[in-house]
Amino acid sequence: RDSITVMSERTKKERKLLKRDFKPFVDYLLNRGSLDFMHDLPESDWIGRGAIIIAILTKLDYVDYETRPRRLFFKK
C-alpha cells in the first residue's frame with residue numbers, strides 16, 4: 001500500500017498521505033533517536049501534514065512524545 005487516507009474529525013475533510021511523506025520523519029527518528037520535526041526537518045517535509053504524521057507515529061507502541069517541544073522519541 002502506497003498511501004493512507006485520514007479524515008479530520010473537525011472538518012470531515014479527507015487527506016491522502018503517501019508512504020514517502022513519512023520517510024523523512026522515520027529516517028530522522030531512526031538515525032537520531034528523537035525528532036522535533038519543526039526544527040529538525042526542512043519545512044517542505046512537514047508543512048500541511050507534519051502534525052498528522054506525528055499523531056500517527058505516536059500510535060506506535062515503541063514511540064513516545066512530548067508536547068513542548070513537540071518531539072518524538074523511542075520508548076526505553
Side-chain angles (χ1 to χ4, degrees):
R1 198 161 176 138
D2 292 331
S3 67
I4 61 170
T5 301
V6 295
M7 184 175 67
S8 168
E9 289 181 1
R10 184 175 51 89
T11 66
K12 306 299 185 218
K13 289 185 179 180
E14 289 186 348
R15 172 176 282 171
K16 182 184 276 190
L17 296 173
L18 302 174
K19 188 183 289 187
R20 70 173 177 250
D21 294 333
F22 288 80
K23 186 170 178 22
F25 293 77
V26 173
D27 286 350
Y28 197 96
L29 187 57
L30 287 171
N31 289 322
R32 303 290 177 111
S34 69
L35 169 66
D36 177 353
F37 77 91
M38 294 181 79
H39 295 104
D40 295 336
L41 297 176
E43 187 174 338
S44 60
D45 285 344
W46 58 261
I47 195 75
R49 61 190 174 276
I52 298 167
I53 292 171
I54 292 295
I56 291 169
L57 293 176
T58 63
K59 298 298 183 183
L60 298 171
D61 291 338
Y62 48 88
V63 174
D64 209 348
Y65 66 96
E66 298 174 334
T67 57
R68 296 195 194 273
R70 202 177 326 180
R71 183 175 76 93
L72 296 180
F73 52 93
F74 288 114
K75 290 181 181 177
K76 293 185 180 191

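All values below were derived from every heavy atom in this structure, side-chain atoms included, with hydrogens, water molecules and symmetry-related copies excluded.
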Quiz prompt | Partner set under salt bridge (charged side-chain N to carboxylate O under 4.0 Å, His left out) for K23, not counting sequence neighbours | solution = D27
Self-check item: Qualifying residues under side-chain hydrogen bond (donor to acceptor under 3.5 Å, both in side chains), relative to D64, sequence neighbours excluded
Solution: none
Output a table of donor-acceptor pairs, distance under 3.5 Å, between side-chain atoms of residues 42-52 and any protein atom two or more places apart or on a different chain; print 'none' if there are none.
residue	atom	partner	partner atom	Å
W46	NE1	F37	O	3.4
W46	NE1	L41	O	3.3
R49	NH1	I47	O	3.4
R49	NH2	S44	O	3.1
R49	NH2	D45	O	3.4

Exercise. In sequence, state the C-alpha distance, the side-chain angles, and the governing distance for I4 and F22, and then conclude on side chain to side chain contact (heavy atoms under 4.5 Å, CB included).
Key: CA-CA 11 Å; I4 61 170; F22 288 80; 4.0 Å; yes
Quiz item: Do L29 and L18 belong together in a cluster built from hydrophobic side chains that touch within less than 4.5 Å?
Solution: no
Exercise. Answer yes or no: does atom CG of D2 have more than 12 heavy-atom neighbours from other residues, nucleotides or ligands under 6.0 Å?
Key: no
For residues 66-76, tabulate all N or O donor-acceptor pairs below 3.5 Å that involve a side-chain atom, not counting sequence neighbours.
residue	atom	partner	partner atom	Å
E66	OE1	R71	NE	3.0
E66	OE1	R71	NH2	3.4
E66	OE2	R71	NH2	3.2
K75	NZ	D61	O	3.2

Quiz item: Please, which pairs that meet salt bridge (Lys or Arg N to Asp or Glu O under 4.0 Å) have at least one residue in residues 29-41, sequence neighbours excluded?
Solution: none
Quiz prompt | 4.5 Å side-chain heavy-atom contact, V26 and L57 | solution = yes
Quiz item: In Å, rounded to the nearest 0.5 Å, how long is the span from NZ of K12 to CZ of R10?
Solution: 10.5 Å
Quiz prompt | Set of residues satisfying side chain to side chain contact (heavy atoms under 4.5 Å, CB included) with respect to E9, sequence neighbours excluded | solution = none
Quiz item: Which residues satisfy the side-chain hydrogen bond (donor to acceptor under 3.5 Å, both in side chains) test with T11, sequence neighbours excluded?
Solution: S8
Quiz item: So, do R15 and L17 sit near enough that their side-chain heavy atoms are less than 4.5 Å apart?
Solution: yes
Exercise. State, with a plain yes or no, whether a side-chain heavy atom of Y65 is found less than 4.5 Å away from one of I54.
Key: no
